[in-house]
Amino acid sequence: MDKGQGPLTTCVVTGAAGFVGSHLCERLLSLGHTVVGVDNFFSGRPENLKTFASHPRFFFHERSVTETGLLTALKDQHGPVFAVFHLAAIVSVPYSLERPEETFLVNTQATLLLLEEAEVLGVRNFVFAGSAAEYGDRDRMPLTEADANEETRWLSPYGEAKYRASVAVASRRGSLCGVSLRCFNIYGPRQDPSSPYSGVISRFVNMAVAQRPLTIFGDGLQTRDFVFVSDVVDAYCLAGLRDDKDDIKRTSGVFNVGSGRATSIVNLARLICRLTHRPESITFGPERPGDIRHSTANIEAITRVLQWKPRIGLKDGLTRTIQWMRGSG
Ligand code: UD1
């Protein structure tokens with residue numbers, strides 16, 4: 001798979017100091033592109049920028065995506081922008097339940113304004129960080145892109161706000177190609193394990209490395225679709241770096257990004273214990289309120305249209321995450 005297609009360009013990455021955003025910046029720089037990173041450190045962390053902060057082709061702006069005229073100001077300073085990778089968002093579901101208005105303002109409204117600005121400025125590709133939360137709670141797996149629609153009962157303002165933005169990005173007509181990547185459960189190095197709402201893999205790996213028991217919420221038979229961060233970065237690059245003008249209509253759209261496989265939480269816990277060479281130390285607590293039972297992506301569309309497929313299997317991805325956690329702990 002060629003992830004560096006097209007010319008060398010200037011790309012804007014919002015949420016550059018986040019878990020996925022920082023990996024994306026690193027990859028774009030390694031492919032030779034110039035990267036203009038934006039983050040207001042609401043949830044992003046300065047240490048995520050450490051490995052590339054002083055790269056000669058990396059420029060950082062501590063600003064919010066809600067600022068009017070943000071892209072125009074960046075273009076004035078850094079020249080024409082080829083692609084905008086818009087990952088900055090309120091990422092906490094519990095926070096979105098407490099502050100729905102702010103969530104819509106940041107996750108939907110600011111996206112619509114950035115999108116309009118990008119179009120006026122002649123940006124070629126706009127890639128948005130969608131979410132599996134756009135599907136709400138569904139019974140039938142795997143989920144195909146059409147399963148999120150106006151009938152969906154979202155479990156949080158976060159899910160609805162991401163859905164509204166995804167639809168706007170994907171239905172853009174004109175010279176701008178809009179792609180929303182509906183990512184399932186992303187994991188890997190730099191994912192913050194410190195909050196109760198952190199991704200289950202970062203929590204489990206953190207506990208296992210610290211030789212503490214892993215706590216499963218509920219019976220552990222709930223399943224998720226785990227996708228390694230470098231595979232997600234592959235998808236961003238395939239969507240954002242393409243330059244085939246005739247292909248805009250075909251490529252614009254919403255695409256699931258997952259492994260296409262269901263993994264139960266109890267099997268995940270066992271695998272992490274095995275990979276960290278410790279006896280199985282697993283406890284069971286009450287089910288987490290509002291938890292969905294199953295979530296698996298159908299990845300046929302992204303495989304067909306963007307020729308993307310996940311390359312890192314769960315065992316390999318967990319091994320890399322464990323190595324990182326050991327090194328950073
Ligand atoms: C993810 C989001 C969540 C959002 C949902 C919508 C993250 C971290 N969570 O939740 O905010 O509402 O998508 O699609 O992005 N678990 C344990 N023990 C733990 C931690 C988690 O058993 O210590 C379980 C959870 O109860 C859940 C599963 O592991 O059943 C996965 O949890 P999590 O990683 O939070 O992901 P989602 O539930 O998919």
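We count ligands from 1, going down the list as the structure has it; atoms in each ligand are counted the same way.
Not one N or O of Ile292 is nearer than 3.5 Å to an N or O of ligand 1, by distance alone. Considering both main-chain and side-chain atoms, Ala132 never comes within under 3.5 Å of ligand 1 through any nitrogen or oxygen pair.
Val229 is connected to Phe85 through a chain of hydrophobic side-chain contacts under 4.5 Å among Ile, Leu, Val, Met, Phe, Trp and Tyr, so both are in one cluster. Each of Val106 and Phe104 belongs to its own hydrophobic cluster when Ile, Leu, Val, Met, Phe, Trp and Tyr are linked at side-chain heavy-atom distances under 4.5 angstrom.
Per-residue contacts place Gly199 under 4.0 angstrom from the following atoms of ligand 1 (heavy atoms of the residue considered): 8 (C), 34 (O). Which parts of ligand 1 touch Ser198 is read off a 4.0 Å heavy-atom cut-off, strictly below it: atoms 8 (C). For ligand 1, the atoms sitting less than 4.0 Å from at least one non-hydrogen atom of Arg203 are 19 (C), 20 (C), 23 (O), numbered in the order shown with element in parentheses. Short contacts between ligand 1 and Val93, defined as distances under 4.0 Å to a heavy atom of the residue, involve ligand atoms 3 (C), 4 (C), 11 (O), 12 (O).
Using a 4.0 Å cut-off between heavy atoms, Ile265 contacts ligand 1 through its side chain alone, with no backbone atom that close. With a 4.0 Å heavy-atom cut-off, ligand 1 is reached by the side chain of Arg224 but not by its N, CA, C or O. Under 4.0 angstrom from ligand 1, the non-hydrogen atoms of Asn185 all belong to its side chain. In Ser295, neither the side chain nor the backbone holds a heavy atom less than 4.0 Å from any atom of ligand 1.
Heavy-atom distances between Ser156 and ligand 1 stay at or above 4.0 Å for every pair. Phe204 counts as a contact of ligand 1, since one of its heavy atoms falls under 4.0 Å from the ligand.
Residues Asp234 and Lys309 are not paired through a salt bridge, judged by the lack of any N-O separation under 4.0 Å between the basic side chain and the carboxylate. Between Arg164 and Glu150, at least one side-chain N (NZ, or NE/NH1/NH2) sits under 4.0 Å from a carboxylate O, which counts as a salt bridge.
Note: His86 and Phe128 have tilted aromatic rings, judged against thresholds of 30 and 60 degrees for the angle between ring planes.
Checked against the 6.0 Å centroid criterion, the rings of Tyr187 and Phe228 qualify as a close aromatic pair.
Here the side chains of Ile272 and Val205 are in contact, with some heavy-atom distance below 4.5 Å. The shortest distance between side-chain heavy atoms of Thr14 and Val12 falls below 4.5 Å.
When the heavy-atom distances from atom 18 (N) of ligand 1 to Thr263, Thr215, Ile216 are ranked, the shortest goes to Thr215. The residue from Met207, Gln222, Gln191 that puts a heavy atom closest to atom 24 (C) of ligand 1 is Gln222. The heavy atom nearest to atom 35 (O) of ligand 1, out of those in His294, Arg293, Arg288, is found in Arg288. The heavy atom nearest to atom 6 (C) of ligand 1, considering only Ser264, Ala133, Gly220, Gly290, is found in Ala133.
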Applying side chain to side chain contact (heavy atoms under 4.5 Å, CB included) to Leu314 and Leu271, what does each step give before you reach the verdict? CA-CA 9 Å; Leu314 187 60; Leu271 182 56; 4.0 Å; yes
Begin from the C-alpha positions of Tyr95 and Phe42 and carry the test ring pair (Phe, Tyr, Trp, His ring centres under 6.0 Å) through to its verdict. CA-CA 12 Å; Tyr95 186 93; Phe42 183 78; 5.5 Å; yes
